[in-house]
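Comments concern the structure below.
Since this is a predicted model, take the numbers as computed values, not measurements. Only heavy atoms go into these numbers, but all of them, side chains included; no hydrogens, no water, no symmetry mates. Convention: sequence-line order gives letters A, B, ...; per-chain numbering from 1.
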Amino acid sequence: MPRKRRDIDAEGPHGRRRRKQDGIGEMNLFSDIRHVVVETLDAMVAEGALPNGLDYGPVSVEPPRDPAHGDMATNAAMVLSKAAGEAPRAIAEKLAERLSQESRIASTEVAGPGFLNLRLVPGVWADVVTEALDAGRSFGHSGFGAGLKVNVEFISANPTGPLHVGHVRGAVFGDALASLLTFSGYNVTREYYINDGGAQVDTLARSVYLRYLEAHGREVAFEEGTYPGNYLVPVGEALRERVGDRYVDQPEEVWLDEVRTFATDAMMEMIREDLSALGVRMDVFFSEKSLYGTGKIEAALKLLESRGLIYEGTLDPPKGKALDDWEPREQTLFRSTSHGDDVDRPVRKSDGSWTYFAPDIAYHHDKIERGFEELIDIFGADHAGYVKRMRAAVSALSDGAVPLDVKLTQLVRLFQNGEPYRMSKRAGNFVTLREVVDEVGPDVTRFHMLTRKNDAPLDFDFAHVTEQSKDNPVFYVQYAHARVRSLWRKAEAAGIMSTDVPLLEDEAEFAVAKKIAEWPRLVEIAARTHEPHRIAFYLYDLASDFHALWNRGNDRPELRFIHEDDEARSSGKMALARAVAVVISAGLDILGVTPAEEMR
RNA sequence: GGCCCCGUAGCUCAGAGGAUAGAGCAACCGCCUCCUAAGCGGUAGGUCGAAGGUUCGACUCCUUCCGGGGCCGCCA
């Protein structure tokens, strides 16, 4: 039985994981200083300045909104005030006095309702830059995930045609989230669920059969309920090459099984290629069909039954929609309402066959059986209605031990220069993933898909996303990286040997170093909230700060990074620039975007 | 009817329960014949949809309502 996630959280922000990290060096300056604050609070308790049994969970150390307030602020005095039976500012004063003894803390200030603002000694920021350079792309990597086995299931499109633009967002989101979690110390499996067990793969088989007949020179008509897309033409031809005319003029029962398998394999091959073009690689493709005839569905339902959650019953007709053909029928139901769903859900139809939900339950049961301690499903927003029942199923199957987070990706609206993009007829009435990737490339596609939070709709303008101007965030971030690489090449050409000793001299430079210091914290927040878009937004901010630094050199050459007559100075400035590149590179790596060496 | 998502500057959107709510675009005002690069700098712009509630503290959490979108089935 997987250990309960709640036990971890009950200690406050990852108390157990915190301890695990002690002694291995903490790159996250904020959790580092928080640790100092907590230790100081402990010391105050030991001296009797604070009562025993305080809950440090809500104590935070974070960057203040206004830089004028200092480098970090803690709410410790405010959140402990009630339990300590003392005014927040009084606690803050006492805490401030002790904290100001810390070597890294330059000054403290009690402010507002009881904030304690901290200013760190300047050397801390240079150390951050050095750490980033030493750690390279692993800077910001953490033990936060504590090796937790997590399964990220995404895309899971029906194997009946090419992936379309709607899948792109889910694919990019899922892949980036998986990378983010890996980066944060989780043990991640990327998984694709192949819906190859339902009626739609029969439809696919029949459609391919029609293309097969066509390949034999027959005239065929694509009736309602078949897939007319041209992408099946080569599949029909390949089938002809494989079986010749053996299936021509044969009844369905002769060819259906083989054609279905053949067609599904061909579709999955195409889907893999599409994913590959986008830079997505799955660890596991899980076949729905593999659940049938193996007792897995029965076993999952039996488990639910043993918990009293399966019964025979009749549902009320769905409301708000006129259903002429509705008649109440008895069927086998899962009591999902006892795990947070709104109505109980059928798992077996009145004719005795499974509903689609039954294999979904078995599939998630299988994930739990494989030892995953945390599950993440990524659905398109049109599947929002299934969230509660899946959560109910996982909750019931794991007895509440395995959390399931379902992330929804909203629609993508395509434009060409501000005009709604015209659908291509080539592959049916939708724009394919391949068209998008072929048009703008995987890097641009991926980055842009993450410039919105997953549950906000996203506009994708083919003209705009490839535009090379500062209005385009993809370009803007790439450009910052390219500028550093350019500097680097120039420094090398000038014979300037890089050292890892940063030279920070003014506020703008410190600001960049401070932004770099936030990276590990940002990664942790993004990982915790399952929101990779935060990475993209952060990179944009960092790039912006860097560009500002660079631009100063236009009017004031003495502020440029490289001074050929002063190697030590150049090297010190380059350290900061290189650290920016390290973080951008690490961030883009998580997003699956290649950092540009130069802009062309 | 019910459920889910969304509602933040003119527009597109960020925003771990913290202080005076941010960015980009657009607008307005300057600067730029630089080669460090496909511009740079600045100003203005807000009752965070509304009303209650919880809290020392709410854009954030809860309830209700309004508005926009999506979904609902023995379909997949």
By nearest atom, which of the nucleotides [options] is closest to the [X] side chain?
X: Lys82(A); options: C3(B), A19(B), U55(B); answer: U55(B)
X: Glu62(A); options: A23(B), A38(B), G18(B); answer: G18(B)
X: Arg452(A); options: C59(B), A14(B), G39(B); answer: A14(B)
X: Ala456(A); options: C56(B), A14(B), C75(B); answer: A14(B)
X: Phe537(A); options: A38(B), C13(B), A19(B); answer: C13(B)
X: Arg413(A); options: A38(B), C13(B), G18(B); answer: C13(B)
X: Arg65(A); options: A19(B), G41(B), A14(B); answer: A19(B)

**Message:** Please determine whether a side-chain nitrogen of the Lys or Arg among Lys388(A) and Asp341(A) lies less than 4.0 Å from a carboxylate oxygen of the Asp or Glu.
**Reply:**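 Answer for the salt bridge query: no.
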
| Residues Lys94(A), Glu86(A): salt bridge by 4.0 Å N-O rule |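 Yes.
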
Per-nt protein contacts along nucleotides 65-71 of chain B (heavy atom under 4.0 Å; B base, S backbone sugar-phosphate only, - none) come out as -----SS

With a non-hydrogen cut-off below 4.0 angstrom, is Arg348(A) in contact with a base, only sugar-phosphate, or nothing?
->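 Touches nothing.
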
Touch check for Arg345(A), heavy atoms < 4.0 angstrom, all strands: base, sugar-phosphate only, or nothing?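 If one applies the 4.0 Å heavy-atom cut-off, Arg345(A) turns out to touch the sugar-phosphate alone, with no base involved.
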
Donor + acceptor pair across side chains of Asp196(A), Thr264(A) (<3.5 Å) =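 No pair is found: no donor N or O on one side chain lies under 3.5 Å from an acceptor on the other.
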
Heteroatom pairs (N/O) under 3.5 angstrom, protein to nucleotides 25-27 of chain B:
{"from": "C25(B)", "atom 1": "OP1", "to": "Lys470(A)", "atom 2": "NZ", "distance (Å)": "3.2"}

Is there aromatic stacking of Phe115(A) against A19(B), centre distance under 5.5 Å, plane angle under 30°?
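Ring-base stacking flag set for Phe115(A) and A19(B).
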
List in chain and number order the residues that pass side chain to side chain donor-acceptor pair (under 3.5 Å) with Asp66(A), two or more places apart in sequence or in another chain; answer none if no residue qualifies.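 Counting only residues at least two positions away or on another chain, Asp66(A) forms no side chain to side chain donor-acceptor pair (under 3.5 Å).
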
A correct dot-bracket answer for RNA chain B, with pairs being Watson-Crick or G-U at under 3.5 Å, [ ] for crossing pairs and | for inter-strand pairs, is (((((((..((((....[...)))).(((((.......))))).....(((((..]....))))))))))))....

| said: Applying salt bridge (Lys or Arg N to Asp or Glu O under 4.0 Å), can you list everything that pairs with Asp360(A), at least two apart in sequence or on another chain? | reply: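 For Asp360(A) there are no salt bridge (Lys or Arg N to Asp or Glu O under 4.0 Å) partners, ignoring immediate neighbours.
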
Using the salt bridge (Lys or Arg N to Asp or Glu O under 4.0 Å) criterion, which residues pair with Lys289(A)? Sequence neighbours excluded.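 Scan of Lys289(A) (salt bridge (Lys or Arg N to Asp or Glu O under 4.0 Å), adjacent residues dropped) gives none.
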
